[in-house]
Structures are given as structure tokens and as C-alpha cells.
Amino acid sequence: MMFRTAAMLGLSIAAAAGAQTVKLQRGDSLAPVVRRADPSRASADSVAAAKVAAALPKWFDDLAVNAFVSTAYEYNGNRPTTGTSSYRVFDFSDNSFNLDVAEVVVQIAATKANDAGFRVDFATGNSIPQISKTQDQTATQFDLQQAFASYIAPLGSGLRFDVGKYVTHLGYEVIEGYDGYNDNYSRSILFGYAIPFTHTGVKASYSFSSKIATMVEVVNGWDLLRDNNHSKSIGAQLTLTPAAALNVMFNWIGGPELPNDNHTKRNVFDVVSVLKATTWLTLGVNGDYGIEDGTSRANPGSDEIWKGVAGYAVAAVSDKITVAVRGETFRDAGGARLGTDSPSRLSEATLTPTYRFTNHVLLRGEVRYDSANQPILAKRGTLGDSQTTVAGNVIFVY
């Protein structure tokens with residue numbers, strides 16, 4: 001009797017163990033292990049992957065895809081009733097969380113003689129695309145920020161040609177992307193009111209040596225896909241690198257920019273210099289001088305003249321923390337650039353600490369103070385001569 005009972009108990013335990021084994025084998029935790037351990041399956045997968053790779057065109061190996069996302073919140077102490085901060089370029093929304101831009105860049109880079117490539121930047125968002133889009137574009141929250149083809153001719157060190165739409169060569173600051181972003185969250189007055197954002201046309205670039213490089217271009221004008229007159233604008237750049245720590249760029253663009261007007265010329269001269277003063281301190285300066293024939297609003301018939309200077313300092317406190325300071329002043333003698341119809345001066349000072357969580361994520365805070373020589377800054381239901389804003393900005397780069 002005891003033997004029979006023990007035998008029945010042993011059979012019950014064995015059955016239970018068998019049932020548990022079956023349950024685990026059907027579960028997700030062990031099933032993948034069994035499949036990976038199967039050499040015939042692994043071989044079949046390798047063959048299938050090789051066939052897929054072989055079916056792809058060879059240029060696919062050179063294709064690069066990157067992404068950039070910037071989102072922020074900003075508060076204006078003036079509390080403008082329109083909800084829009086005065087004379088701000090991309091950070092114009094008061095007391096609002098904003099998706100400044102979400103951008104995807106697809107490209108094949110041309111890097112050596114006889115290389116051909118292209119770059120396309122798709123940008124969307126409720127801040128940057130609304131401002132940086134071309135004047136003749138109707139979409140407000142989408143911008144084909146750049147779309148150009150490239151070829152490097154086998155001449156000397158390589159003569160590079162870019163044809164299509166691309167960001168301007170003028171200015172210290174940039175329209176941010178995965179391959180470059182500014183040290184301050186807000187953009188300078190010079191960035192928004194002294195120079196263009198983009199051009200559509202053709203440019204040729206050539207490096208004579210590691211110390212001297214040049215660029216010339218023929219374009220439709222300022223921020224235009226289609227020209228608004230029958231004349232083109234010409235641009236040029238001379239880059240000097242007299243020492244490893246110092247870089248100086250002399251930029252110019254000139255040509256008729258008014259609609260249906262081939263004679264009224266606009267010229268802008270722009271200088272940018274960057275000095276790596278120490279291992280932890282970088283200094284920069286940007287100067288602009290612009291003139292347009294007979295377009296002054298303050299003195300009709302006279303030339304419109306604008307000029308300004310901005311200074312930059314960036315200190316690396318640690319591997320993860322930097323502090324950036326910017327100060328600038330901008331003078332609009334004819335009142336056309338700022339739209340005041342009178343001689344105007346606008347200045348600002350900005351402090352921007354940045355914390356880098358990883359190479360892909362960073363957080364910026366910012367405090368900025370703007371002042372003007374007359375009440376042109378929105379302040380509740382009226383106008384004032386100053387405004388203060390605070391902002392927080394998160395950037396994702398991939």
C-alpha cells in the first residue's frame with residue numbers, strides 16, 4: 001500500500017514538473033533563447049540579412065539621417081496683451097510652451113574630389129519655421145529649411161558647388177540644427193534684423209590653404225525661393241584662420257531686394273570673429289553695416305542705414321556646465337528695419353547657463369533684458385522702453 005502510494009505520488013510530481021516545463025517553454029522568457037540557440041535558424045537569418053543588404057543600392061551606405069528637437073517655455077515680464085514679445089526672432093511667444101522646431105536632416109555628404117551629394121532639412125514647429133520660411137512660402141509651421149545638391153570638382157584642393165536653398169553665410173549665430181546650435185537660447189537683434197536667413201541659388205567654395213578660404217554666390221535674394229524682381233544678388237565670404245585659436249570671416253551680400261524693383265540696391269557688410277582665448281573661455285564678436293538706396297522712413301528719399309555690434313563670451317565651468325553671456329546694440333537710422341519710422345536704437349544683454357545631460361540632451365536657462373531709446377516694446381496694453389524675459393529650453397540632438 002505504501003509502495004503504491006509512493007508510486008502515485010512520484011507520478012504526480014513528474015506530471016506536475018512536465019506541465020511546468022511546457023508552460024515555461026511557451027513563455028516569452030525562454031522561447032527566444034531556444035530560437036537563438038538554433039544554428040540552422042541563425043544561419044538562415046544571416047543569409048536573409050545578407051540578401052537584403054545586397055539588394056540595397058551602394059549609395060545607401062553613405063546616407064545619413066539626423067534629428068534635432070528644441071522645445072521651450074518663456075515668460076515676458078511686460079505681459080504683452082498680444083502674447084507676443086517685441087523684436088524677438090524665434091522666441092516671440094509669451095507665457096507659452098512651444099515646440100520651437102522638430103527637424104530631420106537627410107543627406108549624403110560630399111567630402112572629396114568628384115564626390116556628389118545632397119542635403120535636405122525638413123523642419124516643423126510653431127516658432128522657428130514661421131519666421132525662417134521664405135517670404136513666398138504660404139505654409140506657416142513647415143519649412144524646407146535647406147534643400148541643395150553638392151559637387152566637388154577635382155580642381156586644386158577641391159572646388160565645391162552647392163545648388164539649391166541653403167542658410168545664409170552672414171552672422172555669428174545660426175538657425176540651429178543637429179550640426180550646430182547657439183550658446184544662447186534667444187537670437188540676437190542682428191540675427192533677426194540686420195541679415196537674411198536663407199538664400200536660393202548657387203555658390204562656389206574653395207580653400208586655398210588651412211588659413212584662407214573663400215566663397216562666392218549668386219542668389220535670388222533675401223529669403224526667397226523665387227526672385228521678386230529681374231536682378232540677382234551677389235554674396236561673398238573670406239575666411240582667415242591666422243592661428244588655430246582665431247577665426248575671422250568677412251561677409252557681404254548686395255543686390256536689389258524690393259519687389260519689382262531692379263535698381264534699388266541693398267548691401268550688407270558683416271564681420272565675425274571667434275577667439276578660443278583659453279581651454280575654458282571662448283570670445284566672439286559680430287559687426288554689421290547695412291545700407292539700402294533711398295528707403296529711409298525717417299527721412300524719405302535718403303538711404304536707409306542700419307548698423308550694430310554684438311559681443312559673446314562662453315565659459316566652460318565643467319564638462320557638463322557652460323555659461324554664455326551676450327551683449328549687443330543695434331541702430332536703425334531710417335526706421336525701416338525695425339519698422340518704427342524714426343531713428344531707433346535697440347540693445348540687449350543675455351545670460352544663458354547650459355547643462356548637458358548627455359551628448360544628446362541639454363537644458364538651457366536664460367534671462368534677457370532689452371532696452372530701447374523710445375517706447376517701442378509691448379507692455380500690457382501700451383508700449384514701454386524695456387522688457388525682461390526668462391526662459392527654459394530643452395534640446396534633443398541625434
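All values below were derived from every heavy atom in this structure, side-chain atoms included, with hydrogens, water molecules and symmetry-related copies excluded. None of these values were measured; they are calculated from a predicted model.
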- Task: Assess the side chains of T134 and D223: does a donor N or O sit below 3.5 Å from an acceptor N or O?
- Result: no
- Message: Could you check whether any side-chain N or O of E304 sits under 3.5 Å from a backbone N or O of G334, counting only pairs where one atom can act as donor and the other as acceptor?
- Response: yes
- Message: Nearest 0.5 Å, please: how far is OG in S205 from NE2 in H169?
- Response: 10.0 Å
- Should the heavy atoms of other residues, nucleotides or ligands under 6.0 Å from CD1 of I212 be counted, would the total exceed 12? no
- Residues joined to V285 in its hydrophobic cluster, side chain to side chain under 4.5 Å directly or through other members, sorted by chain and number, are V309
- Message: Looking only at side-chain N and O atoms, does N126 offer a donor or acceptor that is under 3.5 Å from a partner on N98?
- Response: yes
- Item | Rounded distance [0.5 Å steps], OH in Y206 versus OG1 in T214 | 9.0 Å
- T264 side chain vs P256 backbone, donor-acceptor pair below 3.5 Å: no
- Across all chains, not counting sequence neighbours, the salt bridge (Lys or Arg N to Asp or Glu O under 4.0 Å) partners of D261 are none
- Are side-chain N/O atoms of Q146 and T198 paired as donor and acceptor at under 3.5 Å? no
- Could you list who else is in Y185's hydrophobic cluster, with ILVMFWY side chains joined at under 4.5 Å, directly or through other members? none
- Are the aromatic rings of F148 and F161 close, with centres under 6.0 Å apart? no
- Message: Running the 4.5 Å side-chain criterion over Ile, Leu, Val, Met, Phe, Trp and Tyr, what cluster does L225 land in, apart from itself?
- Response: none
- Message: Go through it in stages, so that I can follow the logic: the residues are F357 and Y355, the test is ring pair (Phe, Tyr, Trp, His ring centres under 6.0 Å), and I'd like the CA-CA distance, side-chain angles, deciding distance and then a yes or no.
- Response: CA-CA 6 Å; F357 290 96; Y355 182 82; 4.8 Å; yes
- Item | Non-hydrogen atoms of P80 and D94 that approach each other most closely | CD-OD2, 3.7 Å
- Message: Keeping Q135 on the side-chain end and W222 on the backbone end, is there a donor-acceptor pair under 3.5 Å?
- Response: yes
- Task: List the steps, then state whether salt bridge (charged side-chain N to carboxylate O under 4.0 Å, His left out) holds for K265 with E257.
- Result: CA-CA 7 Å; K265 301 293 194 302; E257 301 297 342; over 6 Å; no
- Item | side-chain hydrogen bond (donor to acceptor under 3.5 Å, both in side chains) contacts in which one or both residues fall within residues 305-323, not counting sequence neighbours | E173-Y312
- Query: With sequence neighbours excluded, what pairs up with R187 under the salt bridge (Lys or Arg N to Asp or Glu O under 4.0 Å) test?
  - Reply: E176
- Which atom pair, heavy atoms only, marks the closest approach of A110 to G117? CB-N, 4.1 Å
- Message: Looking only at the side chains, is there a donor atom on one of S186 and R368 sitting less than 3.5 Å from an acceptor on the other?
- Response: yes
- Message: Let me confirm one number: the CG-CD1 distance from N267 to I253, rounded to the nearest 0.5 Å.
- Response: 9.5 Å
- Message: How close do V323 and L351 get, counting heavy atoms only, and between which atoms?
- Response: CG1-CD1, 3.7 Å
- Message: Quick one, K165 with D143, criterion salt bridge (charged side-chain N to carboxylate O under 4.0 Å, His left out). Give me CA distance, side-chain angles, the key distance, then yes/no.
- Response: CA-CA 11 Å; K165 181 188 177 187; D143 184 25; 3.0 Å; yes
- Query: Can you name the residues that form a ring pair (Phe, Tyr, Trp, His ring centres under 6.0 Å) with Y193, not counting sequence neighbours?
  - Reply: Y87
- Message: Under 3.5 Å, is there a donor on one side chain and an acceptor on the other for R345 and S347?
- Response: yes
- Note on the structure: Between the CZ atom in F269 and the CG atom in D288, the distance rounded to the nearest 0.5 Å is 11.5 Å
- Message: Using modelled atom types and a 3.5 Å cut-off, is there a donor and acceptor pairing between side-chain atoms of Q387 and backbone atoms of S371?
- Response: no
- Query: Which atom pair, heavy atoms only, marks the closest approach of E74 to S85?
  - Reply: OE2-OG, 4.2 Å
- Taking salt bridge (Lys or Arg N to Asp or Glu O under 4.0 Å) as the test, write out the residues that go with D332, two or more places apart. none
- Members sharing V314's hydrophobic cluster (side chains within less than 4.5 Å): none
- Query: So which heavy atom on A213 is nearest to which on S207, and how close?
  - Reply: CB-OG, 3.8 Å
- Query: If we only count heavy atoms from C-beta on, is the N220 to S233 side-chain gap below 4.5 Å?
  - Reply: no
- Side chains of Y172 and D270: is there a donor and an acceptor less than 3.5 Å apart? no
- Task: Taking side-chain contact (heavy atoms from CB on, under 4.5 Å) as the test, write out the residues that go with A113, two or more places apart.
- Result: P154
- Message: Within the 3.5 Å criterion, strictly below it, is a donor on Y151 or D162 matched to an acceptor on the partner's side chain?
- Response: no
- Side-chain contact test, heavy atoms from C-beta onward, threshold under 4.5 Å: evaluate it for F197 versus V167 and give yes or no. no
- Reference residue E292; test side chain to side chain contact (heavy atoms under 4.5 Å, CB included); the match among L258, V268, I305: L258
- Distance (rounded to the nearest 0.5 Å) between F68 CZ and D100 CG: 8.5 Å
- Side chain to side chain, K211 and L240, heavy atoms closer than 4.5 Å: no
- Task: Please check if any side-chain donor atom of T350 sits under 3.5 Å from a side-chain acceptor atom of E348, or the reverse.
- Result: yes
- Message: For a quick check under 3.5 Å, do T124 and Q141 share a side-chain donor-acceptor pair by atom type?
- Response: no
- Are the side chain of D385 and the backbone of L377 linked by a donor-acceptor contact shorter than 3.5 Å? no
- Lys/Arg-Asp/Glu bridge criterion (N-O < 4.0 Å) met for R88, D370: yes
- Message: Applying side-chain hydrogen bond (donor to acceptor under 3.5 Å, both in side chains), can you list everything that pairs with Q237, at least two apart in sequence or on another chain?
- Response: N251
- Item | Heavy-atom closest pair, residues S188 and V89 | O-CG2, 4.0 Å
- Query: Can a donor-acceptor pair be found between the side chains of N247 and T241 at a distance below 3.5 Å?
  - Reply: yes
Sequence neighbours left out, cut at 3.5 Å: what donor-acceptor pairs do the side chains of residues 391-398 make with other protein atoms?
{"unit_1": "N393", "atom_1": "OD1", "unit_2": "R364", "atom_2": "NE", "d": "3.0"}
{"unit_1": "N393", "atom_1": "OD1", "unit_2": "R364", "atom_2": "NH2", "d": "2.9"}
{"unit_1": "N393", "atom_1": "ND2", "unit_2": "S70", "atom_2": "OG", "d": "3.0"}
{"unit_1": "N393", "atom_1": "ND2", "unit_2": "T71", "atom_2": "O", "d": "3.0"}

- Item | Derivation of the salt bridge (charged side-chain N to carboxylate O under 4.0 Å, His left out) call for E217 and K203 | CA-CA 4 Å; E217 65 180 358; K203 64 179 177 178; 5.8 Å; no
- Message: Is it true that S296 and S302 share a donor-acceptor pair across their side chains at a distance under 3.5 Å?
- Response: no
